[in-house]
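Report on one structure; see the data block that follows.
The analysis underlying the following values was restricted to heavy atoms, covering all of them including side chains, and did not include hydrogens, waters or symmetry mates. Values in this document were obtained by computation on a predicted structure and should not be read as measured data.
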Amino acid sequence: LAGNRNTDGSTFNNRGNNTNLWSSSVSGTNAYNRNFNWSNDTVNRNTNNQTNGFSVRCLKDYLVEIKTYLYFFIFLIKFMEFKKLIEDLFIAYYDARKNKRNTNEQIRFESELEKNIFSLAESLFKWEYKISSSIFFIQNHPIKREVFASSFYDRVVHHLIYNRFYSIFDNWFIFDSYSCRVWKWTSFWIKRINKFIKSCSNNYKEDSYILKLDIQWYFMSINKEILFQIIKNKLQKYDIEDFDFWEKLLKQVIFHNYTENAIFKWQKRDYVWLPKSKSLFFSGENYWLPIWNLTSQLFSNIYLDWFDKFIKSELKCKYYGRYVDDFIIIHKNKDFLVSIIPKIKDYLEKELKLTLHPKKVYLQHYTKWVLFLWAYLKPYRNYIRKRTLWYFVKKILYLNDLLKVNDNKMNYEIALNFLSTINSYLWMLKHYKSYKIRKKILKFVSPYFWNYFYISNNFTKIKSKYGNIWKFTSLQN
């Protein structure tokens with residue numbers, strides 16, 4: 001025990017058997033102290049003159065340490081969030097580069113991949129991300145429309161958003177909305193509609209009718225305010241990490257004006273026959289989504305989801321399916337289908353600010369064919385659309401010209417183009433009664449192609465005679 005210094009300041013008393021510790025409490029001219037003695041286990045509380053040389057117990061300032069730990073904890077959380085964002089951006093990049101490996105933008109992005117990913121992550125994390133200029137051009141096939149193609153940099157962000165929210169909204173959608181959903185291709189929907197017709201008509205034994213409707217200028221008419229509010233209300237029901245971050249990013253992508261600083265790549269004659277109602281340059285404020293963005297495909301499903309539920313729940317339509325803005329309702333009673341058309345029209349106009357296309361109302365008995373996407377649907381069979389077959393032939397003739405320009409010698413680019421194009425059409429055609437058609441169309445292929453490829457699987461697939469098509473690179477050399 002330390003003992004205590006005498007008031008004269010020169011000597012110590014009770015060293016080894018007694019000590020006094022000052023407290024911080026004052027009592028007049030004195031102060032309280034605690035007394036410890038070696039001979040007993042009690043702690044006494046006394047008051048003494050402040051001139052006494054008692055000891056002082058040093059205490060650690062835990063507030064400073066708590067703040068230090070708190071700052072470190074916050075830093076750790078932010079670091080983990082940044083690390084997760086980088087991981088998600090790498091996944092988004094690998095998704096975005098599919099079918100884009102040979103584009104100049106993708107190659108430039110990949111040449112400094114880590115640098116670009118970290119730069120993008122930092123701009124998102126600091127809320128400094130800005131959408132790049134879009135490339136504007138006119139598409140003539142299959143119909144004339146404006147296209148605002150986002151930069152590859154922005155496409156990565158689109159995939160980031162899609163990967164984060166697809167599963168949430170996919171569980172929210174009804175089963176029979178098919179656009180841009182996993183395992184629900186166009187062929188799936190055509191089979192599903194056939195099943196509806198067969199079920200409603202009791203295996204084609206009873207009367208049933210098909211109502212096919214279309215929304216006029218759908219993507220040009222989407223109200224961004226309504227869309228954003230639908231998304232926000234839905235996400236607030238979930239425990240979304242970094243909700244403020246995602247809310248701001250979604251708002252930025254939805255409300256961005258793609259005409260600003262757009263890079264024009266079109267000829268003036270292409271723009272002549274485009275109606276103003278189909279142009280973003282003449283659209284109203286807070287309307288229009290760029291149709292080719294991945295996020296727009298997801299947003300278009302979200303926008304019409306309440307409409308889907310209205311058809312299923314309020315109008316009690318059991319046999320209903322929708323692909324983007326085209327939808328079909330099948331019912332035994334023709335008068336019922338006629339009666340719900342005004343109700344559908346009113347709901348779209350009042351709730352979603354959309355217009356039912358007045359010239360695309362189709363109502364027929366199921367025995368009459370119905371044209372949907374690229375197929376004619378009939379009892380017991382489906383046929384491919386003639387316009388689709390003509391596009392197939394035009395693609396073959398284009399590929400023949402490519403090979404001819406290259407002196408009928410194969411290279412990797414032509415081989416890749418040939419295989420991907422022909423096999424995609426053959427895959428689509430095999431779902432219909434088209435064996436003779438496939439056999440006939442493949443006769444248009446230049447005979448020089450068959451030096452490098454062969455037909456397999458009953459005219460449903462083209463394969464390379466050399467295995468991997470990368471071998472065509474060395475073959476050319």
Side-chain angles (χ1 to χ4, degrees), residues 95-107 135 137-145 147 149 152 155 179-180 185-190 265 291-292 294 297 323 373-376 382-476:
D95 290 338
R97 79 174 189 178
K98 291 177 181 177
N99 302 319
K100 300 288 181 182
R101 293 303 301 273
N102 295 324
T103 61
N104 293 331
E105 279 194 290
Q106 192 279 328
I107 293 171
I135 298 175
F137 59 93
I138 302 295
Q139 183 195 50
N140 294 301
H141 169 74
I143 59 174
K144 187 180 286 290
R145 60 160 60 100
V147 177
F152 188 81
R155 288 175 186 269
S179 171
C180 200
W185 303 300
T186 50
S187 58
F188 174 86
W189 189 29
I190 290 171
K265 289 189 177 182
I291 191 171
W292 292 115
L294 178 64
Q297 299 299 318
Y323 188 88
L373 297 179
W374 55 62
Y376 296 102
N382 298 325
Y383 292 109
I384 199 71
R385 193 176 185 178
K386 289 183 179 179
R387 189 171 73 179
T388 305
L389 298 176
W390 170 234
Y391 290 151
F392 189 12
V393 173
K394 285 181 67 176
K395 282 288 187 180
I396 291 175
L397 297 177
Y398 168 74
L399 292 167
N400 290 345
D401 290 339
L402 281 183
L403 191 63
K404 187 176 181 180
V405 169
N406 203 44
D407 296 328
N408 293 320
K409 294 179 181 179
M410 186 60 59
N411 60 32
Y412 173 76
E413 287 75 18
I414 297 176
L416 179 63
N417 201 344
F418 178 78
L419 278 179
S420 59
T421 301
I422 302 299
N423 283 333
S424 64
Y425 273 100
L426 292 178
W427 179 88
M428 177 179 62
L429 287 172
K430 76 177 184 179
H431 293 90
Y432 309 96
K433 293 183 179 299
S434 62
Y435 173 79
K436 292 182 179 179
I437 294 174
R438 298 195 302 271
K439 191 174 181 180
K440 184 176 181 180
I441 288 180
L442 288 179
K443 291 181 180 179
F444 286 95
V445 175
S446 169
Y448 292 101
F449 274 109
W450 304 126
N451 294 330
Y452 310 98
F453 303 97
Y454 67 95
I455 303 170
S456 69
N457 300 342
N458 211 13
F459 287 89
T460 60
K461 194 169 185 179
I462 303 295
K463 294 184 178 180
S464 168
K465 291 182 178 179
Y466 296 89
N468 196 316
I469 60 173
W470 280 105
K471 295 182 178 179
F472 288 114
T473 305
S474 59
L475 191 66
Q476 183 185 16

* **Straight-line distance of C180 SG to Y323 OH, nearest 0.5 Å** => 8.0 Å
* Asked: Nearest 0.5 Å, what's the NZ-CG distance between K465 and N451?
  -> 6.0 Å
* What is the ring orientation for F459 with Y435, classed by angle as parallel under 30°, tilted 30 to 60°, or perpendicular over 60°? -> perpendicular
* To do: First locate atom CG of N411, then atom CD of E413, and finally report the distance between them rounded to the nearest 0.5 Å.
  => 5.0 Å
* Asked: W390: what forms a ring-ring contact (aromatic ring centres under 6.0 Å, His included) with it, not counting sequence neighbours?
  -> none
* With the side chain counted from C-beta on, respond yes when L442 and K439 share a heavy-atom pair under 4.5 Å apart, and no when they do not. => no
* Asked: What pair of heavy atoms forms the shortest contact from S464 to F453, and how long is it?
  -> CA-CD2, 3.7 Å
* Asked: Which heavy-atom pair separates A375 from Y432 by the least distance, and what is that distance?
  -> CB-CE2, 3.6 Å
* Taking the side chain as every heavy atom from C-beta outward, state whether L426 and F392 have any atom pair closer than 4.5 Å. => yes
* Could you pull out the closest heavy-atom pair between F137 and A149, with the gap in Å? => CE2-CB, 4.1 Å
* Should T388 and L429 count as side-chain neighbours, where that means a heavy-atom distance under 4.5 Å? -> no
* Asked: Do D407 side-chain atoms and K409 backbone N/O form a donor-acceptor pair below 3.5 Å?
  -> no
* Asked: At their closest point, which heavy atom of R438 faces which heavy atom of T460, and how far apart are they?
  -> NH2-CG2, 3.7 Å
* Taking it one step at a time, do S446 and L399 satisfy side chain to side chain contact (heavy atoms under 4.5 Å, CB included)? -> CA-CA 9 Å; S446 169; L399 292 167; over 6 Å; no
* Nearest heavy-atom pair of L402 and I414: which atoms, and what distance? -> O-CD1, 3.8 Å
* Asked: Looking at N400, T421, N417, which hits side chain to side chain contact (heavy atoms under 4.5 Å, CB included) with K395?
  -> T421
* Would K463 and Y454 satisfy side chain to side chain contact (heavy atoms under 4.5 Å, CB included), going step by step from the backbone distance to the final call? -> CA-CA 6 Å; K463 294 184 178 180; Y454 67 95; 3.5 Å; yes
* Distance, nearest 0.5 Å, that separates CZ of F444 from CD1 of I396 -> 7.5 Å
* To do: Dump the intermediate steps for side chain to side chain contact (heavy atoms under 4.5 Å, CB included) on Q297 and I291, then the final yes or no.
  => CA-CA 7 Å; Q297 299 299 318; I291 191 171; 4.2 Å; yes
* More than 12 foreign heavy atoms under 6.0 Å from OH of Y398: is that the case here? -> no
* To do: Report yes if the side chains of Y448 and K404 come closer than 4.5 Å at any heavy-atom pair, otherwise no.
  => no
* Residues which pass ring-ring contact (aromatic ring centres under 6.0 Å, His included) with Y376, listed by chain and number, not counting sequence neighbours -> W369
* Where I462 and L419 come nearest, the two heavy atoms and their spacing -> O-CD2, 3.4 Å
* Test log, rule side chain to side chain contact (heavy atoms under 4.5 Å, CB included), inputs M410 and F449 -> CA-CA 8 Å; M410 186 60 59; F449 274 109; 3.6 Å; yes
